[in-house]
There are 2 protein chains.
Amino acid sequence: MKQPKVTVVDVAHAAGVSKSTVSLVLQGSSLVNETTRAKVGAVIRELGYVYNRSAANLRQSKSKIVGIVVNDLTNSFFAELAVGMDMVVQSAGYIQFMANSAENPDRQAEVIASMREHGMAGLILSPARGTTSADLRPLVDSGIPVVLVARNVPGLKVSSVVSDGHAGAAAAVRHLIELGHRRIAFLGGFNDTAVFDERMRGFRDALVEAGLDASDELVISSAPSRAGGVAAVERLLSMADRPTAALCFNDAVAFGACDGLRSARIEPGVDFGVIGFDDVIEAKTAVPALTTVSVDPQGMGRRAAQLLLKQINSGDFEPEALVASVRLVVRESCGAAQRMKREAVTA
Amino acid sequence: MKQPKVTVVDVAHAAGVSKSTVSLVLQGSSLVNETTRAKVGAVIRELGYVYNRSAANLRQSKSKIVGIVVNDLTNSFFAELAVGMDMVVQSAGYIQFMANSAENPDRQAEVIASMREHGMAGLILSPARGTTSADLRPLVDSGIPVVLVARNVPGLKVSSVVSDGHAGAAAAVRHLIELGHRRIAFLGGFNDTAVFDERMRGFRDALVEAGLDASDELVISSAPSRAGGVAAVERLLSMADRPTAALCFNDAVAFGACDGLRSARIEPGVDFGVIGFDDVIEAKTAVPALTTVSVDPQGMGRRAAQLLLKQINSGDFEPEALVASVRLVVRESCGAAQRMKREAVTA
DNA sequence: CTTGAAATTTGGAACGATCTAAATTACCAG
DNA sequence: CTGGTAATTTAGATCGTTCCAAATTTCAAG
């Protein structure tokens, strides 16, 4: 059962040539005679030879391995991201170490270190919450290309691919304004993250642009989860001058907000406008269907992988920052459907 | 920027010892003097040395890499599976190549070949539809441990971890019978897969056990997707002696079935009982909430990884077949809530 | 036949670790 | 001191590949 593994030398011997020739055949060199190439190829198949890439890399020190570390694979947004990367990495003839950091910076550091020991040529990282630039500095300084995706790490000079949170938030707010809302809140998310900051600024800028109130009390931060959404909406409902609509940090918060509204006998999408962010898979099927800002995670993954491969192949490179565009998907939770119905009646 | 990489020899030189000693330190051997160990450790940190595991493996030919290939990472069931594996693989000090085959056997073959060239110690595979035993034979024969998960490949003597589809389907059917249904259908899934066969037999056995009709016309196969569910339920509604409830091949089919029922003005969970399979994440939040057979994919992933590691560590091993137990999660779509309400009124 | 250039093939030194067996050093009792 | 054992350290071969420089073969023209 356990084959004593066969090497180039075995192949060479069986084919009656030298190991150098076999090596040449393996790399498809044009130096080798067509007859010998065929002969060696036949022997390779016959003996069931498998190429040992680590041995090869040892000599030429350029591996075909990239690392992919994602903060939460169970979140379908990040799973899609990973699948996008997988597609381009695979079709470029590379293979990936892939690991889930589960939002734990220590675990993240461990797997990155391990990948480095195994000789990865580059890393795509969707960083765990709390990742600092110091965590990544040694890796970056060693000259290994790194691409951050979905989230940024402040103070680190590396490439990144992030979605346009500012534009997305602004578009969502403009849509709510167009629907007639004049007092709009921003719900959920930890206010010490870069993503929060960007979306919140988009929110605020759109309000200011329309000459509406954009004061601090309209921004209610909380955990970026369903539970956080419930908590945030409770705070909102206790406000004196109560808003009539809200943009949420992400879809999970938006779902929580809907839960919270319902338990206060306020129907989301009818009595109150709710917009989410990310367009997770459940957004379409939820009741009411969630109006949300959609960010094609698979496309982002592909772009990140392309960027990384480009940097790996060009010995020297400059960090690049890509911004993935974003689009508002209007469904029911914002109340657009309601308004159309109303207009139909009036007409 | 680009460090000329430092090796054991550099460390040895800087620490004033031989490379053998450095190697001993690296493997934490007790042979080396405490003073030298400290000295070498300091130099290692100072020079920013990174261990080159491929070089090491070349000599000792036992890598700390496992391969994980999954048929569809965008499906949250399989994503959870992968996360479970990730957990145990990572904490065992291994690292994984992970790839998505996207249900494409050719792509699957490619990535497995690539992983093999890179020297993986074992493989966990959730096989793409259409995988044959011939596809995996060479790998298995080479003595590399392989664990199949979620799906089996007929005619291949390797370890596997699958859920108990028979018991799950039977439990679901018994529950429907208990709710008063006497004519029950099985919807969706391709009837040439092992998983289909197992679930369908569980369905049939439970019907026979209760002395009910279990004829072929009650089994309506289709694509295992939402669209497939719609198609299957349409065929069901055109039947002469129409069933009053259905067990679906998986949750996607169940959602489709609900869609189809609604467009025929039949309310799932009220006029018709629907049960799914897998307990995907949306099952809980859908309307009506889906009654379904839950299979803890993360736990399955963990068990698969544990099994693989066990086989890697014991030089020789026998294939083992693990069956993950399964439990029925009763929500709304089966009509149980309705019945309870009715009973409350009657009481 | 030679001959020289082109086409092939090849030996052996890397690559960065481990491992064996042997060398060196330390230490202690006599 | 000396011998002997225990504790450390080390030289050098080795793992499976690539690559350089050199060797060999092929072959058409003189």
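This one's a predicted model, so the numbers in the text were calculated from it and none came from an experiment. Scope of the values below: all heavy atoms of this structure, side chains included, with no hydrogens, waters or symmetry mates.
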Salt-bridge contact A/Arg107-B/Asp86 (side-chain N to carboxylate O under 4.0 Å):
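Here A/Arg107 pairs with B/Asp86 in a salt bridge, since their nearest N and O are under 4.0 Å apart.
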
Considering only NZ, NE, NH1 and NH2 on the basic side and carboxylate oxygens on the acidic side, decide whether A/Lys310 and A/Glu318 come within less than 4.0 Å.
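No, no charged N to carboxylate O under 4.0 Å.
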
Using a heavy-atom cut-off of 4.0 Å to chain A, what are the terminal contacting nucleotides of DNA chain D, in 5' to 3' order?
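Reading along DNA chain D, I get D/dG16 to D/dC19.
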
In 5'-to-3' order, the base (B), backbone-only (S) or no-contact (-) status of each nucleotide in nucleotides 9-15 of chain C, using a 4.0 angstrom heavy-atom cut-off, is SBBBBBB

When you measure from the side chain of [X] to the backbone N and O of [Y], does any donor-acceptor pair fall under 3.5 Å?
| X | Y | answer |
| --- | --- | --- |
| A/Arg37 | A/Ser29 | yes |
| B/Gln96 | B/Val66 | no |
| B/Asn75 | B/Phe77 | yes |
| A/Ser159 | A/Glu320 | yes |

Interatomic distance where CG belongs to B/Asn57 and P belongs to C/dT18 [whole Å]:
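Distance check: B/Asn57 CG to C/dT18 P gives 10 Å.
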
Measure from CG on B/Leu26 to P on C/dA17 and round the result to the nearest Å.
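Rounded to whole Å, this separation is 8 Å.
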
Can you list every pair that meets side-chain hydrogen bond (donor to acceptor under 3.5 Å, both in side chains) and has a residue in residues 56-67 of chain B, with sequence neighbours left out?
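Listed by first then second residue: nothing to list.
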
Using the rule given for side-chain hydrogen bond (donor to acceptor under 3.5 Å, both in side chains), can you reason through A/Ser76 versus A/Glu80, listing the C-alpha separation, both sets of side-chain angles and the distance that settles it, and then say yes or no?
CA-CA 6 Å; A/Ser76 54; A/Glu80 293 276 353; over 6 Å; no

